[in-house]
Amino acid sequence: MEMEKMWIKGMDVSFLDEIEQGGGTFHEGPNKVDVLELLQRSGTTSIRLRIWNDPPGGYCNLERTLIMAKRVKELGMHLLLDFHYSDKWADPANQWKPAAWEGLHGAALEQAVYDYTYEVMAVLRAGGALPDMVQIGNEITNGMLWPDAKVDPNAVAGADEEPWARLCGLLKSGASAVRAVDRSVRVMLHIDRGGDPEGSRTFFERMEAEGVPFDVIGLSYYPWWHGPLEQIERNLQDLSLRFGRDIVVVETAYPWTFRTREGFPLIMENDEALPSAFPVSPEGQQAYLKALTDIIRRTPDGRGLGFYYWEPCWIPSQQVWSVGHANNWSNLTLFDHDGYPLPALYTP
């Protein structure tokens with residue numbers, strides 16, 4: 001089946017390795033199960049894994065990513081690899097260079113991106129775990145590898161083009177390395193503006209104008225941060241028609257409870273910013289995900305490839321400190337606190 005025709009029901013399970021190593025378990029009925037196998041049985045077609053250069057916790061590095069990627073490939077699932085190009089979180093508020101690259105700038109930094117990307121891809125290929133799709137950066141709305149390629153997404157075109165030129169040079173280096181390893185691997189550019197059609201359009205217009213090679217548009221969409229569902233639908237419609245590229249909602253989630261376990265704070269604590277049509281309950285979570293998938297499927301010309309649910313398995317089995325904070329996502333998972341699947345997991 002050609003990739004562009006495959007519906008992506010995707011899961012980002014980047015924390016799973018650490019959760020399992022810490023004793024977290026998942027269940028189907030009375031039985032403990034391999035959760036990757038359960039995800040596949042529930043209809044999951046793709047797994048997303050992030051990779052950090054040299055994370056202090058030792059997880060999501062190349063060694064551990066290879067182990068997880070091999071498990072995914074052994075199940076015959078599609079794999080999306082998410083390069084953060086950092087030793088820690090990369091998102092609109094954090095895009096910090098890995099420590100090993102602190103003194104690199106200009107062409108030297110571009111070469112480091114190329115070499116590292118090539119090495120990771122070559123190691124995964126040699127291990128029988130070549131990704132099918134690769135993100136060059138994570139939520140790069142404000143650039144990447146700060147401060148060198150920090151950009152202002154609201155800047156007027158022509159006002160300060162040098163940071164944008166640096167960003168595009170880094171993206172070209174990463175994309176070139178991916179294609180040097182295997183030209184069949186699709187390249188994604190990912191921003192966080194799922195509910196911002198104007199901002200999304202402006203960003204990708206810049207990418208096209210600078211000749212950055214990419215195959216897929218990736219958007220994050222969390223309704224409490226990015227606005228109503230009508231906005232993501234408008235954005236998908238506009239981007240697909242304007243750029244003629246496939247689109248994936250590469251991050252989303254929705255709460256199923258406000259109950260938590262002691263010692264586990266919640267990033268989403270109330271329903272003030274949530275759509276009233278979807279109550280905070282297992283059924284409301286399922287209804288939200290169904291509504292979102294229906295919107296993606298309506299994208300013109302079949303260019304809405306699908307979605308990835310962000311960290312469905314981050315259950316509060318133990319504290320996960322490799323990211324620098326405790327688990328604050330335990331009410332946004334697709335499993336309850338004890339590792340039993342919730343109805344939304346089975347959303348087609």
Side-chain angles (χ1 to χ4, degrees), residues 9-27 35-36 38-39 42 44 47-52 55-57 59-60 64 68 80 82 84 86 88-94 138-139 190 192 194 219-226 249-275 278-282 284-286 288-289 292 307-345 347:
K9 177 181 175 178
M11 304 289 161
D12 186 318
V13 297
S14 300
F15 277 131
L16 178 59
D17 185 23
E18 188 169 359
I19 291 165
E20 291 177 332
Q21 296 295 312
T25 58
F26 297 86
H27 308 269
V35 74
L36 285 179
L38 174 55
L39 291 175
S42 76
T44 296
I47 296 294
R48 180 185 190 233
L49 298 174
R50 68 175 161 269
I51 186 164
W52 289 326
Y59 290 94
C60 297
R64 299 305 304 179
M68 293 300 294
L80 168 61
D82 177 10
H84 280 229
S86 180
K88 52 192 176 183
W89 292 121
D91 55 45
N94 301 279
N138 186 77
E139 292 189 330
H190 170 210
D192 74 320
L219 302 171
S220 293
Y221 175 71
Y222 299 100
W224 59 92
W225 286 325
H226 300 136
V249 177
V250 78
E251 291 185 25
T252 195
Y254 201 84
W256 58 274
T257 186
F258 288 131
R259 180 176 59 87
T260 188
R261 285 185 170 170
E262 186 176 354
F264 292 88
L266 299 177
I267 195 170
M268 167 52 55
E269 297 180 301
N270 60 64
D271 60 3
E272 291 177 3
L274 295 175
F278 309 110
V280 175
S281 66
Q285 181 191 56
Q286 183 181 36
Y288 162 78
L289 198 54
L292 178 62
F307 71 95
Y308 289 84
Y309 197 96
W310 198 81
E311 290 294 357
C313 302
W314 197 6
I315 60 174
S317 56
Q318 81 280 347
Q319 297 287 14
V320 172
W321 288 104
S322 67
V323 295
H325 60 77
N327 179 351
N328 58 8
W329 205 257
S330 61
N331 68 327
L332 293 157
T333 53
L334 295 180
F335 293 84
D336 70 16
H337 296 333
D338 296 310
Y340 289 87
L342 296 165
L345 179 65
T347 303

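This chain uses plain numbering: 1 for the first residue, then up along the sequence. Remember, predicted model here, so these are calculated numbers, not experimental data.
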For the student: nearest non-hydrogen atoms of [X] and [Y], plus distance:
X	Y	result
S281	G284	OG-N, 2.9 Å
H226	S220	ND1-O, 3.5 Å
P223	A253	CD-O, 3.9 Å
D82	H84	OD2-NE2, 3.2 Å
T252	F307	CG2-CD1, 4.4 Å
K9	L345	NZ-O, 2.7 Å

[atom1]-[atom2] distance between [X] and [Y], expressed to the nearest 0.5 angstrom:
X	Y	atom1	atom2	result
W314	F15	CH2	CZ	4.0 Å
L80	R50	CG	CZ	12.5 Å
L334	S42	CG	OG	8.5 Å
I267	N327	CD1	CG	10.5 Å
L16	L36	CG	CG	5.5 Å

| query | Taking only residues two or more places apart in sequence or in another chain, which ones pass salt bridge (charged side-chain N to carboxylate O under 4.0 Å, His left out) with E139? | reply |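 Checked E139 against salt bridge (charged side-chain N to carboxylate O under 4.0 Å, His left out); zero matches.
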| field | Partner residues of D192 under the salt bridge (charged side-chain N to carboxylate O under 4.0 Å, His left out) criterion, sequence neighbours left out | value |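 D192 satisfies salt bridge (charged side-chain N to carboxylate O under 4.0 Å, His left out) with no residue once adjacent residues are dropped.
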| field | Evaluation steps, side chain to side chain contact (heavy atoms under 4.5 Å, CB included), between E251 and Y221 | value | CA-CA 6 Å; E251 291 185 25; Y221 175 71; over 6 Å; no
| task | Using ring pair (Phe, Tyr, Trp, His ring centres under 6.0 Å) as the criterion, list what pairs up with F26, not counting sequence neighbours. | result |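 Applying ring pair (Phe, Tyr, Trp, His ring centres under 6.0 Å) to F26 gives F335.
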| task | Could you tell me which residues satisfy ring pair (Phe, Tyr, Trp, His ring centres under 6.0 Å) with F258, sequence neighbours excluded, listed by chain and number? | result |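 Once residues adjacent in sequence are excluded, F258 has no partner under the ring pair (Phe, Tyr, Trp, His ring centres under 6.0 Å) criterion.
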| request: Using atom types as modelled and distance alone, determine if a side-chain donor or acceptor of S330 lies under 3.5 Å from a backbone N or O of P316. | output: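 No; judged by distance alone, with no hydrogens or angles, the pair does not exist.
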| field | Short side-chain to backbone donor-acceptor contact, N331 and M268, under 3.5 Å | value |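 Side chain of N331 to backbone of M268, a donor-acceptor pair under 3.5 Å: yes, one is there.
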| query | Would you say the side chain of E311 lies within less than 4.5 Å of the side chain of T333, judging by non-hydrogen atoms? | reply |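 No, too far: nothing below the 4.5 Å cut-off.
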| So do the side chains of C60 and I51 get within less than 4.5 Å of each other, counting heavy atoms only? |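 A side-chain contact under 4.5 Å is absent here.
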According to the interplanar angle, ranging from 0 to 90°, do the rings of [X] and [Y] count as parallel (below 30°), tilted (30 to 60°) or perpendicular (above 60°)?
X	Y	answer
H27	Y340	parallel
Y222	W225	perpendicular
W310	W89	tilted

| Pi-cation contact, Y309 with R48 (under 6.0 Å, within 45°) |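 The answer is no; the distance or angle limit is not met.
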| message | Testing C313, S317, P312 one by one against I315 for a side chain to side chain contact (heavy atoms under 4.5 Å, CB included), which residue passes? | response |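 Among C313, S317, P312, the one that satisfies the side chain to side chain contact (heavy atoms under 4.5 Å, CB included) with I315 is S317.
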Using the side chain to side chain donor-acceptor pair (under 3.5 Å) criterion, which residues pair with [X]? Sequence neighbours excluded.
X	answer
D336	none
Y254	none
D338	R261
H337	none

| request: Apply the test side chain to side chain contact (heavy atoms under 4.5 Å, CB included) to residues Q285 and L342: give CA-CA distance (whole Å), side-chain angles for both, the deciding distance (0.1 Å), then the verdict. | output: CA-CA 9 Å; Q285 181 191 56; L342 296 165; 3.8 Å; yes
Can you list everything that forms a side chain to side chain contact (heavy atoms under 4.5 Å, CB included) with [X]? Sequence neighbours excluded, please.
X	answer
K88	S86, W96
Q21	D17, Y59, R64
P343	P282, Q286

| request: Apply side chain to side chain contact (heavy atoms under 4.5 Å, CB included) to L39 and I47, showing your working. | output: CA-CA 9 Å; L39 291 175; I47 296 294; 4.1 Å; yes
| query | For L49 and V13, what are the C-alpha separation, side-chain angles and deciding distance, and is it a side chain to side chain contact (heavy atoms under 4.5 Å, CB included)? | reply | CA-CA 6 Å; L49 298 174; V13 297; 4.2 Å; yes
